[in-house]
Amino acid sequence: MTPPEFRVDPDVDLHVPADRGELAAHPTAVLGTIAAGGVLGALARAGVQAAFPHAPTGFPWATWGVNVTGCLLIGALMAVLTTRPTGPLVRPFLGVGVLGGFTTFSAYAVDAQRAVTAGAAGTALAYLAATLVGALLAVWAGDAATGRLLARARRRPEPTGEGR
Amino acid sequence: MTVLLIALGAALGAPLRYLTDRAVQARHDSPFPWGTLTVNVAGSLLLGAIAAIPAEAAVTALVGTGFCGALTTWSTLSYETLRLTRQGARWHAVANALGSVVAGLGAATLGYAVARALAG
């Protein structure tokens, strides 16, 4: 059996005691923080998409890059949050808000569907697979690399007078 | 103006993802992340419908880029899949990743077809 604290969902996992109580304890702060993070993430995504537009039959490189980058960062972020004590609004802001708002699944699905409709089924299939593989490799890499850095930092005592 | 509309849509979409995820989990205790699948399918359905009709740029920014974009997520989906794999729940991990892709594409196609039919 896995411990009850084992988190699967980084947005909110009701198996995690801290997640269960956070909304009732600070509803305005939690939802406001998520909204603020979501705005920043969505605007950054829109900026990238506007800078690198694609034709209906073309490969949506901007959205691919946004989604893979966001997956790398959520892996790194959650590796930190599951090993170190942080403020109660860090996960809602950076994880739920910024990275949740930055990455998008709806544009992924609809861009693939549009490519099929436009007669570019091959591009659609390549895009579907490339995002799936890229996202999973990126989250694994972000988690593994950050976990290794954190473990190394724990083994090596920090010089006196520094931070923690 | 576009920036404000995207911001407004995202300010609603991101908290709605969190609240929906909580509501689904509260009603349905399961190791499978049904909450994230719910928002991703719903957002794909809605965006598919918007893509089917000649929507104004303002609607696309507010509802499409802002709301649907922030409501749905790849970062949450990929992290869940990683954690399910770590937990030894391989079948759940595969079902989450592939099931989301198939359901999302299906929802986008359905939203597109329904909106086309309604728009005549």
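The sequence lines fix the lettering, A, B, ..., with proteins before strands; numbering per chain opens at 1.
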Trainee: Using only atom types and a distance under 3.5 Å, with no angle test, would you say the side chain of B:R22 pairs donor to acceptor with the backbone of A:L14?
Mentor: no
Trainee: Compare every heavy atom of B:L105 with every heavy atom of A:A109, then report the nearest pair and how far apart it is.
Mentor: O-CD1, 3.7 Å
Trainee: Taking every non-hydrogen pair under 4.5 Å, which of B:G111, B:G69, B:G104 racks up the most with chain A?
Mentor: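 The residue among B:G111, B:G69, B:G104 with the greatest pair count is B:G69.
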Trainee: So for B:T20, is it side chain, backbone, both, or neither that comes closer than 4.5 Å to the heavy atoms of chain A?
Mentor: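 Contact with chain A involves no heavy atom of B:T20 at all.
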Trainee: Could you look at B:S100 and say if it's the side chain, the backbone, both or neither that has a heavy atom under 4.5 Å from chain A?
Mentor: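 Contact with chain A is through both the backbone and side chain of B:S100.
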Trainee: Please classify the contact of B:T81 with chain A as side chain, backbone, both or neither, using a heavy-atom distance under 4.5 Å.
Mentor: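 Only the side chain of B:T81 comes within 4.5 Å of chain A.
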Trainee: Anything under 30° is parallel, anything over 60° is perpendicular, the rest tilted; go ahead and classify A:Y108 against B:W74.
Mentor: perpendicular
Trainee: Ignoring hydrogens and angles, tell me if any N or O in the side chain of A:S106 forms a donor-acceptor pair with the backbone of B:C68 under 3.5 Å.
Mentor: yes
Trainee: Against chain A, label B:A61 side chain, backbone, both or neither, depending on which of its atoms sit under 4.5 Å from a heavy atom there.
Mentor: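 Interface part for B:A61: neither.
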Trainee: Where does B:L82 contact chain A at under 4.5 Å (heavy atoms): side chain, backbone, both or neither?
Mentor: side chain
Trainee: For the interface with chain B, which of A:V68, A:V110, A:D19, A:T131 has the highest count of heavy-atom pairs at distances below 4.5 Å?
Mentor: A:V110
Trainee: Decide, yes or no, whether a salt bridge links A:D143 with B:R86 under the criterion of side-chain N to carboxylate O below 4.0 Å.
Mentor: yes
Trainee: Heavy-atom cut-off 4.5 Å, strictly under: side chain, backbone, both or neither for B:L77 against chain A?
Mentor: side chain
Trainee: May I ask you to decide if B:L110's main-chain N or O and A:Q113's side chain share a donor-acceptor pair within less than 3.5 Å?
Mentor: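 Checking the backbone N and O of B:L110 against the side chain of A:Q113, no donor-acceptor pair under 3.5 Å is found.
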Trainee: Counting N and O atoms only, with roles assigned by atom type, does the side chain of B:R83 sit under 3.5 Å from a partner on the main chain of A:D9, one being a donor and the other an acceptor?
Mentor: no
Trainee: Which of residues 40-52 of chain B get closer than 4.5 angstrom to chain A, counting heavy atoms alone?
Mentor: B:N40, B:G43, B:S44, B:L47, B:G48, B:A51
Trainee: Do any N or O atoms from the side chain of B:T76 and from the backbone of A:P10 form a donor-acceptor pair under 3.5 angstrom?
Mentor: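 Not confirmed, B:T76 side chain does not pair with A:P10 backbone.
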